[in-house]
Protein chains: 2
Amino acid sequence: MASPITGSFQLMKSLNRSVVLNTIRIHGAISRSEIAKKTKLTPPTVTNIVNELIDAELVLESRSGKSNGGRKPIILTINSNSRYIVGVDVGVNKVRLAVTNLNGEVSKRKVEPMPVSKALNEEEFLLFLKKILHSFLEEVSEGRDKLIGIGIAMHGIVDHEKGIAIHGPTLKLEKVPVKDVIEEEFNLPVRVENDAKALALGEKWFGAGKETDHFVCLNVGEGIGGGIVLNNRLFHGNNSLAGEVGHTIIDLNGPTCSCGNKGCFQTLASGQALKERASKKIEEGVETELTKIGNREIEGQVIYEAALKGDVVAKEILRETGEYLGLGILNVIHFLNPSMIIVGGGVSKAGSFLMGPITETIETRALSFEAQKTRIVLSDLGEEGSLIGACTLVLSELFTHEHGNT
Amino acid sequence: MASPITGSFQLMKSLNRSVVLNTIRIHGAISRSEIAKKTKLTPPTVTNIVNELIDAELVLESRSGKSNGGRKPIILTINSNSRYIVGVDVGVNKVRLAVTNLNGEVSKRKVEPMPVSKALNEEEFLLFLKKILHSFLEEVSEGRDKLIGIGIAMHGIVDHEKGIAIHGPTLKLEKVPVKDVIEEEFNLPVRVENDAKALALGEKWFGAGKETDHFVCLNVGEGIGGGIVLNNRLFHGNNSLAGEVGHTIIDLNGPTCSCGNKGCFQTLASGQALKERASKKIEEGVETELTKIGNREIEGQVIYEAALKGDVVAKEILRETGEYLGLGILNVIHFLNPSMIIVGGGVSKAGSFLMGPITETIETRALSFEAQKTRIVLSDLGEEGSLIGACTLVLSELFTHEHGNT
DNA sequence: AAACATTAATTAAATTAATTAAAAAAGATT
DNA sequence: AATCTTTTTTAATTAATTTAATTAATGTTT
């Protein structure tokens, strides 16, 4: 068992510092006395901590608030432009880069295509990563001294503690020490995380999960990744494998998955599943807009567009996929019973067609009345979710207290 | 969001008190200086806390240890007989009662049959519970002043915070305020919990999960209940529904479950599933010992006994069930990636026949090498697991620190 | 308009409980 | 017998919160 957390003055201090800082962050604008009320800290404690945060340039005294029949409160805000973070989202076909401030606001972004993706070996991949980071950093206008770290989100299994990409399904990489290599190259703190987990963290800090203690975030793209937030923190499990919901089996005799098993959730409810349903319909010779798309590949985007135009077959494909998504989500509810489930990733663009079937499935099938009412929402952050999550990897350490004994 | 935990002197004290107490509990016998080394608390802090614990009669200075080239250490142990707890496990057909000391050791036990179970309404159930508790307490020899509480485990969905039995599948009870009623009657603290979660807690404190931070405990009986332990604590989710793994769907087109859905885990891998497989084989006219059991009902126990005698069909039924259990456990691994999975409940008696197929399924199908090595173990506590867990409900509050702000 | 009340923030003293440093207790070693 | 070790305790110190009192700024009432 891990050594327990013991009480000490440092723990007390760092706990309260982070409570105050996060209270300011979450409220956006708040006075010292309100912080004291909300956190049950005493006013002098709040004053002391706030003054330290102002000295550290993390907090600003902005304006005076409205008096409530006495002295006007001084409104505090996060000094959001005092530091910034570079985030990277390594996707299958492209790499996204962004700069955000402490508020998760993007001030610069860039998309690089993945060079002949399949062929990259470990060395080439790391070289490519260094190259695009160097050129991106040169274009950044903020002072280099204000950059506090680089966050990297990537698909596949990632050991976030050691910062190692353990296994990627498309990039054929095994145990790549991304963190160490990039830290060495740029002499900055680097954090690496699985993209679905990064997305979940992004949603916790700046998206739909802001106010929720426990939730599960599904990244529904070509596969289905999951990020689990429990007690406001990402849950990784024993080998960083927690949240691999895409590979939970929901149909024993279903289609074969890339992992070798049959009927994995992602064979039935991902972008891949959409494509396969479409191909099948076309083979069957059903009349649909989907046959008239010329030489564009039939993928999620195309099906969504056809559905928007009113194509019955496309709509049916989306409805069916939504039902399966609902079933997988039902399993999540009966497993962990989170207060909220956030659906993100490429497929979530078609949310308007999916949400109906999802909620219907859950309302008719969940075990208890309360479970039936589990909030299912679409991602707030859209296609940049994992990227913003990547930045949040660095951010969260700035705001979170350090345990006394590591 | 719940109000955050802030640092205070009480928090520091209560945290360290519980760390010291639990270190003594887990090690059984340990000196002050060893506690200091293990917890990284300083020796004076340990001395102070230990002396308080001795004053509170929770800890004893027992004997002197072996000198390591200097002053002999004074060995400390939990004063396990200074308090005791009454536990109740409300099953489908019977109610178990027990008295344990602080070490989870049972000093007295009793089993009461459930009176014509199906007919009990809320009032009758509570009356019955009061009656058997009164008569059990009269038989208890330990002084009433040393009794610190009553713990109640029961099947179905339980709101452990309010102590309400929300829904029971066999007892037709809805929202029964068990805690309030029994507290009023006996003027003692009462804690109520779902039986699978109680079992998990029991395993955490006194069984196979003692040394493990995150694990999932499956209670495989007629149905399959689950208890999730994360960061050494039971996880309940938003509506006490977390861990209802028995109702996660693994075969979309499988048999219909009592909950109305198809292919729930428990339709394929529980005692119920064993029975149904046996009936089917008999109907098919396969030659087996199972047909010769006279008028005993064909249930798990009978199948297990036949398998022990070498009956091929019974063995095959158990093997098949083990495979399905393995599949469900695989889903748990890909969901939460716990370091350990504990299999308990009635069906676990047949563990010798089940473990092979379970581990084989996981080793061939898990996503990563580490996941394939997830420890799958049988319950340490046997059929009294939930009962001991019921006692632990009360115990854990004695040993666990209170958050400063409730 | 002056006096009073209210709310916000700060300062100073008191308190809590850990930590540091030193000493005492009890043996072991040479 | 003298010295070194390990365990435990005592006394002094320190870090951070808490309590109580104070200052600041504004609103309300007479």
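Heavy-atom basis, side chains included; hydrogens, waters and symmetry copies ignored. Naming: A, B, ... by sequence-line order, numbering from 1 per chain. What you see is a predicted model; the values in this text were computed from it and never measured.
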Could you check how far [atom1] of [X] sits from [atom2] of [N], rounded to whole Å?
| X | N | atom1 | atom2 | answer |
| --- | --- | --- | --- | --- |
| B/Arg17 | C/dA17 | CZ | P | 13 Å |
| A/Glu52 | D/dA15 | CD | C1' | 12 Å |
| A/Leu15 | D/dA15 | CG | C1' | 15 Å |
| B/Ile75 | D/dT6 | CD1 | C1' | 13 Å |
| A/Arg32 | C/dT11 | CZ | P | 11 Å |
| A/Met12 | D/dA15 | CE | P | 12 Å |
| A/Lys13 | D/dT17 | NZ | C1' | 10 Å |
| A/Leu11 | C/dA17 | CG | C1' | 13 Å |

Between the side chain of [X] and the main-chain N/O of [Y], is any donor-acceptor distance below 3.5 Å?
| X | Y | answer |
| --- | --- | --- |
| A/Ser240 | A/His236 | no |
| A/Asn101 | A/Asn103 | yes |
| A/Thr400 | A/Glu397 | no |

Touch class at under 4.0 angstrom, heavy-atom based, for A/Lys66 against every strand present: nothing
In short, side chain to side chain donor-acceptor pair (under 3.5 Å) pairs touching residues 57-77 of chain B with sequence neighbours left out are B/Arg32-B/Glu61
Given protein heavy atoms under 4.0 Å, the one-letter contact record of nucleotides 18-30 of chain D, with B base, S sugar-phosphate only and - none, is simply BBB---BBBS---
The salt bridge (charged side-chain N to carboxylate O under 4.0 Å, His left out) partners of A/Glu183 (sequence neighbours excluded) come to A/Lys179, A/Arg191
Residue set satisfying salt bridge (charged side-chain N to carboxylate O under 4.0 Å, His left out) with B/Glu142, at least two apart, ordered chain then number -> none
*Please step through side-chain hydrogen bond (donor to acceptor under 3.5 Å, both in side chains) for the pair A/Asn239 and B/Asn337, ending with a clear verdict.*
CA-CA 7 Å; A/Asn239 322 110; B/Asn337 186 214; 3.3 Å; yes
Double-helix bend of the helix from C/dA1-D/dT30 to C/dT30-D/dA1, axes at both ends from 5 pairs, round to 10°, gives 10°
For B/Glu161, the side-chain hydrogen bond (donor to acceptor under 3.5 Å, both in side chains) test, sequence neighbours excluded, returns none
